[in-house]
Protein chains: 2
Amino acid sequence: MPANLIDTIDRTSYEPAYAQLVRILRRQIAAGMFRPGHRLPSEAQLCEQYGVSPMTVRRVINILVEQGAVVAEQGRGTFVKPIELGTAAFHLDELQRLFQGEETTVKLLEARIVSASERTARKLLLEVGQRTVFIRRLISHDESPVLYHREHVIYDPTRPIVEAEMEVTALRGLFNGGSEATLKRGELAIDATVMTEEEARLLHVSPGNAAFRVEHIFYDFENVPVSWGWFICPGDRLRFTTTVGIYDQEPHNV
Amino acid sequence: MPANLIDTIDRTSYEPAYAQLVRILRRQIAAGMFRPGHRLPSEAQLCEQYGVSPMTVRRVINILVEQGAVVAEQGRGTFVKPIELGTAAFHLDELQRLFQGEETTVKLLEARIVSASERTARKLLLEVGQRTVFIRRLISHDESPVLYHREHVIYDPTRPIVEAEMEVTALRGLFNGGSEATLKRGELAIDATVMTEEEARLLHVSPGNAAFRVEHIFYDFENVPVSWGWFICPGDRLRFTTTVGIYDQEPHNV
DNA sequence: AAGTGGTCTAGACCACTAT
DNA sequence: TAGTGGTCTAGACCACTTT
């Protein structure tokens, strides 16, 4: 039985051979040709079958492994991976989309110098009473508020980040990958909470509603924490979604 | 000026050359040697500097691109990527860890055949009134309840999945990647909600507390939806965390 | 034209697993 | 021992961008 003509690499295509083979194998797995736990053809067989070099097949297998579709075991073979919930990754795509649109506005509610509380001092590695800049922002989309942001930025006149952070446009850069060259890394965590009265009022929802709370700490290139705070988002205005298992198309994650 | 001895590839090491070079470049970026937006040495330069072949350097760059540390532009060069919030991905590692431990127990609260409601029918592509198996489970860790799971599984005597799903151990397999060869893919979504009285009672928290609601639909290899339901988890017993930007170590995601 | 990233080859050698 | 995945080479050729 000759191989399906669709499952053939077109050397005249603009799509590279390795990408075509990834697509072909993904589709075959998704179609159930290779079931979870079963072995894929060996790399040597794939070389011969599709007329590509070992290095190219190797690359294809690597990509499928990274995508979580298969698992390669040295000396044994390459096996189709069963569906696995634990590897699910939720992306903040929706948040990103929010900041890309022109209909999104950032309103600075407050920005003033305060003395660090015990909690703020602990998060930013400061002494209690040291100065921080307390910033409150309201992010709206299509005139409707969707995010309430409050953060503490360390106050250091020699550090230009304070002025930069005050700019309402700085937030947009953070989400879209602007030129925030002063920040090196950040740590994020999502909680589920019930909104306070202040939060509910600002976001135009009834108090007692559920919300996501995205806490963040950002560090500069000297690994000094420079910003701590969180976003509040009503639970019904944001949805984190993902997929697990085998898809015909490339996964949008990984 | 000779290169730092630490930034040298040890050919006698068990760690492959490409992995060493990934580590070296990551560290240099994290140390601020190459700042966001700046150009990395060209691939030819890296070949000469570290004494590896073009193919190996290419692989290294590919890995750094996948990790989100750099962006490669054909004809221009490879540039360090600025920190970008939108690319953050939250993993369910904690959930997975939960199911790996031996201290985790799954208790079947209920399993009975019911007629599909309008909502269930829509989700599972059934007619209203068709039979589904309604399952309620309580997942506990160290004798303390952490997850409440309710799902509808389509009822089809010829389909073995019903019996398999009834097994309380099936859930464990789903999270750890067991041998669930009947399920092809799933779609997941996270909401923030306020717990109902029933949920709060089962999870031993006060009603009105916030919770994560992880909704799921699973499909078999014929792309037929076979299971719809959701997990409820108290907001203070689960935290989704992630990092953005440049880290010295490999990111645990991607 | 020169320099950059991007693909691909045809092999070599190694480490591991099964028989 | 034979078969499997895993690394690596030393080039070739191409597409793209800058000068």
Side-chain angles (χ1 to χ4, degrees), chain A residues 7-26 28-29 34 36-81 250, chain B residues 7-26 28-29 34 36-81 250:
Chain A
D7 295 344
T8 261
I9 290 176
D10 174 13
R11 305 314 285 241
T12 72
S13 166
Y14 282 105
E15 190 184 17
Y18 80 90
Q20 292 185 49
L21 189 47
V22 166
R23 232 186 348 97
I24 288 169
L25 292 178
R26 276 195 75 83
Q28 290 180 349
I29 294 171
F34 307 112
H38 288 199
R39 227 199 68 188
L40 248 53
S42 78
E43 303 193 356
Q45 287 173 315
L46 291 173
C47 286
E48 199 195 2
Q49 182 170 354
Y50 294 97
V52 291
S53 76
M55 200 56 173
T56 300
V57 164
R58 204 75 254 303
R59 184 174 180 180
V60 168
I61 300 295
N62 267 333
I63 290 173
L64 289 174
V65 169
E66 282 155 18
Q67 293 182 349
V70 303
V71 51
E73 296 182 24
Q74 184 166 122
R76 301 220 313 126
T78 303
F79 303 88
V80 178
K81 214 165 154 186
E250 310 256 329
Chain B
D7 295 344
T8 260
I9 289 175
D10 174 13
R11 307 312 288 238
T12 71
S13 165
Y14 282 106
E15 190 185 18
Y18 80 91
Q20 293 184 49
L21 189 47
V22 166
R23 233 187 344 97
I24 289 170
L25 292 179
R26 277 194 73 82
Q28 289 180 349
I29 293 171
F34 307 113
H38 288 198
R39 229 199 67 188
L40 249 54
S42 78
E43 304 193 354
Q45 287 173 317
L46 290 173
C47 286
E48 199 195 1
Q49 183 172 353
Y50 293 97
V52 292
S53 76
M55 200 57 174
T56 301
V57 163
R58 202 76 253 302
R59 182 173 182 180
V60 168
I61 300 296
N62 267 333
I63 290 173
L64 289 175
V65 169
E66 282 155 18
Q67 292 182 349
V70 302
V71 51
E73 297 182 25
Q74 183 168 124
R76 302 219 314 125
T78 303
F79 303 87
V80 178
K81 212 165 156 186
E250 310 255 331

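Order of the sequence lines fixes the chain letters, A, B, ..., with proteins taken first and strands second; residue numbering starts at 1 for each chain.
Atom P of nucleotide D:dT17 and atom CD of B:Glu43 are separated by 16 Å, given to the nearest angstrom. Taking atom CD of residue A:Glu48 and atom C1' of nucleotide D:dG3, one finds them 15 Å apart after rounding to whole Å. The interatomic distance linking A:Arg11 (CZ) with C:dT9 (P) rounds to 5 Å, in whole Å. In this structure, A:Asn62 atom CG and C:dT7 atom P are separated by 14 Å, rounded to whole Å. Atom pair B:Arg39:CZ and D:dT18:C1' shows a separation of 11 Å (rounding to whole Å applied). What separates CD1 of B:Ile9 from C1' of D:dT9 is a distance of 14 Å, to the nearest Å. Between A:Gln20 atom CD and C:dT7 atom C1' the separation is 12 Å, expressed in whole Å. Whole-Å rounding puts the A:Arg59 CZ to C:dT9 P distance at 11 Å.
Atom CD in A:Glu43 sits 11.0 Å away from atom OG in A:Ser53 (nearest 0.5 Å). Here the straight-line distance linking atom CD of A:Gln28 with atom CG of A:Leu40 works out to 8.0 Å at 0.5 Å rounding.
Comparing A:Ala17 and B:Gln45, the nucleotide of DNA chain C nearest to each residue sits closer to the 5' end for B:Gln45.
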### Message
Can you build the contact string for nucleotides 11-19 of chain C? Use B for base contact, S for sugar-phosphate-only contact, and - for no protein heavy atom under 4.0 Å.
### Response
----BBSS-
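Considering only side-chain N and O atoms, A:Thr78 lies under 4.0 angstrom from the phosphate OP1 or OP2 of D:dG5. At the phosphate of C:dC8, neither OP1 nor OP2 sits under 4.0 Å from any side-chain N or O atom of A:Tyr18. Of the side-chain N and O atoms in A:Thr56, none sit less than 4.0 angstrom from OP1 or OP2 of C:dT7.
Listed candidates were C:dT7, C:dA10, D:dT4. Nearest to the side chain of A:Ser42 is D:dT4. Which of D:dC8, C:dG5, C:dT7 sits closest to the side chain of B:Pro16 comes down to D:dC8.
The salt bridge (Lys or Arg N to Asp or Glu O under 4.0 Å) check on A:Arg76 picks up A:Glu73, with sequence neighbours excluded. Legend: residues meeting side-chain contact (heavy atoms from CB on, under 4.5 Å) with B:Pro41, ordered by chain and number and at least two apart, are B:Phe34, B:Gln45, B:Leu46.
When every heavy atom of B:Tyr18 is checked against every heavy atom of B:Val60, the shortest pair comes out as O-CG2, 3.4 Å.
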### Task
For the pair B:Ile29 and B:Val70, evaluate side chain to side chain contact (heavy atoms under 4.5 Å, CB included) and give the outcome as yes or no after the intermediate values.
CA-CA 9 Å; B:Ile29 293 171; B:Val70 302; 3.8 Å; yes
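For B:Glu15, the CD atom sits in a packed shell: over 12 heavy atoms of surrounding residues, nucleotides or ligands are nearer than 6.0 Å.
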